[in-house]
Protein chains: 2
Amino acid sequence: MPQPSTKPNINTSLMELMPEFQFAVSVDCVIFGFDENVLKVLLIKSDLEAFREKWSLLGDLVQPDEGLDEASYRVLTERTGLDTLYLEQVHTFGAVHRHPAGRVVSTAYYCLVNIKHTQLTQLGNELHWHPVKDIATMAFDHKKILDTCYSTLKKKIQEEPIIFNLLERKFSLRELQNLYEAILDVKLDRRNFRKKLFSTGLLTDLNEMERNVPHRPGKLYTFNHEAYYQMRKKAFSGIRF
Amino acid sequence: MPQPSTKPNINTSLMELMPEFQFAVSVDCVIFGFDENVLKVLLIKSDLEAFREKWSLLGDLVQPDEGLDEASYRVLTERTGLDTLYLEQVHTFGAVHRHPAGRVVSTAYYCLVNIKHTQLTQLGNELHWHPVKDIATMAFDHKKILDTCYSTLKKKIQEEPIIFNLLERKFSLRELQNLYEAILDVKLDRRNFRKKLFSTGLLTDLNEMERNVPHRPGKLYTFNHEAYYQMRKKAFSGIRF
DNA sequence: GCAAAAGTGTTCACATTACACCCATGG
DNA sequence: CCATGGGTGTAATGTGAACACTTTTGC
């Protein structure tokens, strides 16, 4: 959570800054990206002595004049250079001793970005994209936060078409399937996958082909936001037994 | 959120208590119960002047030495007299001006209890069970919190067998169906409902009948926790397309 | 021509839905 | 005997899973 922007660093100076300290409130962001067919998350080295050499999520203290959502959006835009983001709150972690510097309650968000569009800024502390599967331990309770967000992501992509935020605007069905397989950690049947995705009516065929692939090029599609919007408008009356 | 236990009341004394105040952290509990075939929620009159005569959720400030989950559990046990509860965190509300007394970030929990087993304590401020459908406006952002928790509940009962927490240990299928219908606000087909519920293997037939009902008595069942536990152990490998 | 991935349909099993009649009890 | 809800089965439809061959491109 605790990475400095231009503001005071909770890691090192919390107690000095707030002698009357009761609670600090922070946000931690699990920023997912997809690259080389692997699901990755944006991490940084902790600068807290207690967690020397451990990876940490990106986060910051919430400022007195900003909301929680606003704070997470700020962390994300500051770090990735992006200004449109899929961002969602997941859970708040408030165990008494979760932060060695004092009582810090942290709300976790996850976010889906296109890695190729990010322009990483404030590059200190080895900011980098890290394969989700390779992460064993982290600073603070960040492994637990990551696991919680990853579980939520897995569930959510099976309910809502948020996954397109991780891809380029134009993509092939193969890329989309690879992404589903990477996140869910399963193998999917190609024919059933195509059938299912087309049946949603959410893909627009661009009548363009992939280029410079070492095999037969696939067609390119794009996510049809308008169709999704129309679909959402027709509320359906709930599941029957 | 802000209902006094024996501790200071955030509503009236926050600023005096914390001159160096940065953030206060609270929990708000949406306590659901089922009575007379209606889904209800436990509410209290707000004692804040700004929300005079508005209904408010039960909540309290989180104490420096207690975790968030612990705080919500405390609020619930203090108020309902129950010590076993289904309790789940839903969302954290952190808009800058959501509380008139200052910056209060509040984490919402929902809870399922058997109304008949509750022994309401600290009865001030018109503490009572209120039909969920009848609530139009509330103090603070509590209507939004209630709506969020209610949506989560609707979704959750279709995924996990938590609904039994709202019933007596022994119940008839009719009572169970009435409860599903009340929460989901739909009519369900009786034969399909029975088929579906029995097929889960989670109901134990007690070989007992209802008594003192003005019609043919139905069989009584109980939720089979052991069967559910065994079922959970067999992890299944994820959804395929 | 070979490697690699694209594109394409059918079958089967299972789950969901719709739907109607007789039965047991209390009053 | 009447009102009320309990208890039961089947057919039609929709959904998910399994599965193999031909085509197109780059090299």
Side-chain angles (χ1 to χ4, degrees), chain A residues 36-37 154-155 157-159 161 167-168 170-182 184-222 231 234 236-241, chain B residues 36-38 155 157-161 167-168 170-182 184 186-222 231 234 236-241:
Chain A
E36 296 171 332
N37 280 347
K154 281 189 188 181
K155 194 171 166 193
I157 61 168
Q158 297 178 58
E159 299 170 347
L167 293 173
E168 302 280 346
K170 300 178 181 185
F171 52 84
S172 66
L173 271 181
R174 164 60 51 189
E175 289 170 310
L176 183 58
Q177 184 175 339
N178 285 344
L179 177 50
Y180 270 104
E181 291 181 343
L184 298 176
D185 198 23
V186 292
K187 280 286 165 197
L188 303 174
D189 178 89
R190 203 164 83 253
R191 279 172 290 192
N192 293 338
F193 181 80
R194 300 170 73 86
K195 218 182 310 174
K196 170 102 172 186
L197 266 289
F198 289 140
S199 76
T200 64
L202 296 175
L203 297 184
T204 299
D205 184 340
L206 292 169
N207 294 311
E208 284 181 64
M209 306 299 273
E210 290 180 297
R211 288 160 203 263
N212 303 319
V213 288
H215 54 76
R216 175 174 171 180
K219 285 178 133 184
L220 293 176
Y221 299 87
T222 194
M231 180 183 303
K234 306 179 205 159
F236 59 99
S237 51
I239 287 138
R240 307 297 159 91
F241 285 103
Chain B
E36 295 172 332
N37 279 348
V38 175
K155 194 171 165 193
I157 61 167
Q158 297 178 59
E159 299 171 346
E160 313 239 11
L167 294 173
E168 303 279 346
K170 301 179 180 184
F171 52 85
S172 67
L173 271 181
R174 164 60 52 189
E175 289 171 311
L176 183 57
Q177 184 175 340
N178 285 345
L179 177 51
Y180 270 105
E181 291 181 343
L184 298 176
V186 293
K187 280 285 166 200
L188 303 175
D189 179 89
R190 202 164 84 252
R191 278 172 291 192
N192 293 337
F193 181 80
R194 300 172 71 85
K195 213 184 312 174
K196 172 98 172 186
L197 266 288
F198 288 141
S199 76
T200 64
L202 294 176
L203 297 185
T204 299
D205 184 341
L206 292 170
N207 294 312
E208 285 181 63
M209 308 299 271
E210 290 178 297
R211 287 161 203 262
N212 304 319
V213 288
H215 54 76
R216 175 174 170 180
K219 285 179 133 182
L220 293 176
Y221 299 88
T222 193
M231 181 184 302
K234 308 180 203 157
F236 60 100
S237 51
I239 287 137
R240 308 296 158 90
F241 285 117

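Letters A, B, ... mirror the listed sequences (proteins, then strands); counts begin at 1.
Considering only residues two or more places apart in sequence or on other chains, B/Lys219 meets the salt bridge (Lys or Arg N to Asp or Glu O under 4.0 Å) condition with B/Asp205. Residues satisfying the side-chain contact (heavy atoms from CB on, under 4.5 Å) criterion with A/Pro161, sequence neighbours excluded, are A/Phe164, A/Leu202, A/Phe223, A/Tyr228. Remark: A/Glu181 pairs with A/Lys187 by the salt bridge (Lys or Arg N to Asp or Glu O under 4.0 Å) rule, at least two apart or across chains. Residues meeting the side-chain contact (heavy atoms from CB on, under 4.5 Å) test with B/Lys155, sequence neighbours left out: A/Glu159, B/Glu159. Every side-chain contact (heavy atoms from CB on, under 4.5 Å) that A/Glu168 has, sequence neighbours left out, goes to A/Asn114, A/Lys116, A/His117.
Atom CD in B/Gln177 sits roughly 12 Å away from atom P in D/dG7 (whole-Å rounding). Distance B/Lys187 NZ to C/dT16 P: 21 Å, rounded to the nearest Å. Per the geometry, CG belonging to A/Leu188 stands 19 Å off P belonging to D/dT15, to the nearest Å. Atom pair B/Lys196:NZ and C/dT16:C1' shows a separation of 8 Å (rounding to whole Å applied). Between A/Asn212 atom CG and D/dT25 atom P the separation is 14 Å, expressed in whole Å.
A/Glu175 has its side chain out of reach of A/Asn178: every pair of non-hydrogen atoms, C-beta onward, lies at least 4.5 Å apart.
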Inset, instruction - Take nucleotides 2-10 of chain C nucleotide by nucleotide from the 5' end and write B, S or -, depending on whether a protein heavy atom sits under 4.0 Å from the base, only from the sugar-phosphate, or from neither. - result: --BSBBBBB
